[in-house]
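Structure first, commentary second.
Since the model is a prediction, treat every value here as computed from it, not as a measurement.
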Amino acid sequence: ITHMHIAGVSVFEGPPPDVDEVVALLASKLERIPRYRQRVRTVPLELGRPVWVDDPHFNLAYHVRHTALPAPGDDRALRRLMGRLMSQPLDRNRPLWEAWVVEGLDDGRWAIISKVHHCMVDGISGVDLLSALLDLTPDAEVAIPAPWDPDPDPSPIEMVLDAWRGLATDVGRMAGRAVDAVRDPRRAVADVRDLGAGLIEFGRHLGSTPPLSIEGPIGPHRSWAHSTVDLADIKAARRAFGGTVNDVVLAALAGAYRVLLEHRGDDVDEAVVRTLVPVSVRGEARDTPDNRVSALLYELPIDERDPVARLARVHDEMEALKTSHMAEAGEVVTGLGEVAPPMLVGTGTRATIRLMRRLPQRSINTVTTNVPGPQFPLFCL
């Protein structure tokens, strides 16, 4: 079951605030994140794409939950709680998010688990949300919420017309690109050539991988674990052996999968572990949090035993992928979904999800995303 929500855990020092204080804090910031008071409505007969509408019955207290870990409130208990919360789908009839205030962590700490549907945010805009919800100083005043009156629910006809207006905008944007191509045919030919190369590379990396012990149908349950490494150590490895921070992370991940597969009895010299690496394609404007990503597909070098040689391979292969125009091809494929007939997109998506519930996922084994957090301390109440 593909719930399609993402989540983050923010752990804080000091005693937890009252839940009503957290509700008041969120109420004071909702003006910055309008999606948090909107829900998704399906256009009748799928005559248009789903639309965002204000929730006339929005109740902030419904979205802010409260729980506590049993003593001793250790990391194991937090992992179990996170897995349980991630196993539960969001209510599709309400705005697609929850915030859980978690008390009872050891060492006198507390946490907020923020759970959001992926159609609302990607990694970059998720960090923007975190910045909007938190403060730069520990004694920041909680502002009085700005008045908000939800727009009335659109009629079925209005939803169809609104969806078609959005579709017309996308088609017009694509037509504008066609006009630009006519004005600069040499550039257009080069772009088509690059896009063709990217599509070939994208398709080549989508082939089925050999079966592994870590694969299986996607079920309803989730488990969550984490480990911690100092960013300074990653940068030290980068300086000593070359590459980027991303390269070091991917090389470490490849080494971890090698250990795991060896432990499970897989042949690490023949195994293929393909990871999807999201690439942000958002511009400078970030007025509304949303999801604007493409992707690179990369086979982790788990057959390489030496960690330094593994890092060098990751760097060389990722540099080649970045110049292969695969990310541009992925963005175009996503864009085609925006202008395709919604009935076909909806039917195709449901058929794909039903298939994924029955079969192991053999094209992509894992996802690796690296999102820089805020570069300064943040506080909550």
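Linking ILVMFWY residues whenever their side-chain heavy atoms come closer than 4.5 Å, directly or via other members, places Leu296 and Ile364 in the same cluster. Cluster membership check: Val308 does not share its hydrophobic cluster with Leu250, using side-chain heavy-atom separations under 4.5 Å among Ile, Leu, Val, Met, Phe, Trp and Tyr. Hydrophobic clustering keeps Met318 apart from Val248 (ILVMFWY residues linked when any side-chain heavy atoms are closer than 4.5 Å, directly or through intermediates). Using a 4.5 Å cut-off between side-chain heavy atoms of Ile, Leu, Val, Met, Phe, Trp and Tyr, with links allowed through other members, Leu321 and Val245 fall into different hydrophobic clusters. At a threshold of 4.5 Å between side-chain heavy atoms, the hydrophobic network of Ile, Leu, Val, Met, Phe, Trp and Tyr places Leu134 and Leu26 in one connected group.
Between the side chain of Asp135 and the main chain of Thr137, no donor-acceptor pair closer than 3.5 Å is present. A distance-only check finds a donor-acceptor pair linking the side chain of Arg92 to the backbone of Leu90 [under 3.5 Å]. At distances below 3.5 Å, at least one donor-acceptor pair connects side-chain atoms of Ser87 with backbone N or O atoms of Arg222. Side-chain atoms of Glu304 come within 3.5 Å of backbone N or O of Asp306 as a donor-acceptor pair.
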- request: Evaluate the criterion side-chain contact (heavy atoms from CB on, under 4.5 Å) for residue pair Glu31 and Tyr36; output intermediate values, then yes/no.
  value: CA-CA 9 Å; Glu31 188 179 19; Tyr36 270 42; over 6 Å; no
message: Working note: His66 + Glu103, criterion side-chain contact (heavy atoms from CB on, under 4.5 Å); need CA distance, chi angles, decisive distance, verdict.
response: CA-CA 8 Å; His66 180 215; Glu103 295 187 30; 2.7 Å; yes
query: Given the rule in the side-chain contact (heavy atoms from CB on, under 4.5 Å) test, do Ile234 and Val229 qualify, once you have shown the distances and angles that lead to the verdict?
result: CA-CA 8 Å; Ile234 295 178; Val229 62; 3.8 Å; yes
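The two atoms that bring Glu299 and Val272 nearest to each other are CG-CG1, 3.5 Å, heavy atoms only. For Asp75 against His226, the heavy-atom pair with the smallest separation is OD1-NE2, 2.7 Å. Here the closest heavy-atom approach between residue Pro72 and residue Asp106 is recorded as O-CB, 3.5 Å. Here the closest heavy-atom approach between residue Pro89 and residue His5 is recorded as CA-CE1, 4.1 Å. The minimum heavy-atom distance linking Phe12 with Ala111 is given by the pair CD1-CA, 4.3 Å. The heavy-atom pair separating Leu311 from Ala237 by the smallest distance is CD2-O, 4.4 Å.
Here the side chains of Val40 and Leu96 are in contact, with some heavy-atom distance below 4.5 Å. Between Pro301 and Val314 there is a side-chain heavy-atom pair separated by less than 4.5 Å. Proximity of Val367 to Pro278: side-chain heavy atoms (C-beta onward) are separated by under 4.5 Å at one or more points. Counting only heavy atoms from C-beta outward, the side chains of Pro17 and Trp110 approach each other to under 4.5 Å. Between Met159 and Pro44 there is a side-chain heavy-atom pair separated by less than 4.5 Å. The shortest side-chain heavy-atom distance between Glu262 and Tyr257 does not fall under the 4.5 Å cut-off. The side-chain heavy atoms of Val101 and Thr67, taken from C-beta on, include no pair separated by under 4.5 Å.
For CG of Leu231, the number of neighbouring non-hydrogen atoms (other residues, nucleotides, ligands) closer than 6.0 Å is greater than 12. Atom NE2 of His263 has 12 or fewer neighbouring heavy atoms from other residues, nucleotides or ligands inside a 6.0 Å radius.
Classification of Glu13 and Arg109 as a salt-bridged pair fails, no side-chain N sitting under 4.0 Å from a carboxylate O.
In summary, of the residues considered (Arg313, His315, Glu319), a side chain to side chain contact (heavy atoms under 4.5 Å, CB included) with Glu317 occurs for Arg313 alone. Arg258 pairs with exactly one of Leu253, Val268, Val273, Leu300 by the side chain to side chain contact (heavy atoms under 4.5 Å, CB included) rule, that one being Val268.
In terms of the side chain to side chain contact (heavy atoms under 4.5 Å, CB included) criterion, residue partners of Arg264 (sequence neighbours excluded) are, by chain and number, Ser213, Ile214, Leu260, Asp266.
Screening residues 227-244 for salt bridge (charged side-chain N to carboxylate O under 4.0 Å, His left out) gives no qualifying pairs among residues at least two apart or on separate chains.
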When the side chains of residues 371-381 are checked against the rest of the protein, which donor-acceptor pairs come out under 3.5 Å, sequence neighbours left out?
from	atom 1	to	atom 2	distance (Å)
Gln375	NE2	Gly373	O	2.6

Contacts under 3.5 angstrom, residues 148-158 side chains, donor-acceptor by atom type, not counting sequence neighbours:
from	atom 1	to	atom 2	distance (Å)
Asp153	OD2	Arg39	NH2	3.2
Asp153	OD2	Arg41	NH1	2.8
Ser155	OG	Glu158	N	3.2
Ser155	OG	Glu158	OE1	3.4
Glu158	OE1	Ser155	N	2.7

Quiz: residues 55-63 side-chain donor-acceptor pairs under 3.5 angstrom, not counting sequence neighbours:
from	atom 1	to	atom 2	distance (Å)
Asp55	OD1	His57	N	3.1
Asn59	OD1	Ala61	N	3.2
His63	ND1	Trp97	O	2.8

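How far CE of Met4 is from NE2 of His117: 6.0 Å, rounded to the nearest 0.5 Å. Between the CZ atom of Arg274 and the CG atom of Leu297 there is a distance of 7.0 Å, given to the nearest 0.5 Å.
With 3.5 Å as the limit, one finds a donor-acceptor pair spanning the side chains of Thr368 and Thr275. In this structure, a donor-acceptor pair under 3.5 Å is absent between the side chains of Asn246 and Thr244. In this structure, a donor-acceptor pair under 3.5 Å is absent between the side chains of His3 and Gln88.
Through side-chain heavy atoms spaced under 4.5 Å, either directly or across other Ile, Leu, Val, Met, Phe, Trp or Tyr residues, Met82 is tied to Val9, Val11, Leu69, Leu78, Leu81, Leu85, Met86, Trp100, Val102, Leu105, Ile113, Trp224.
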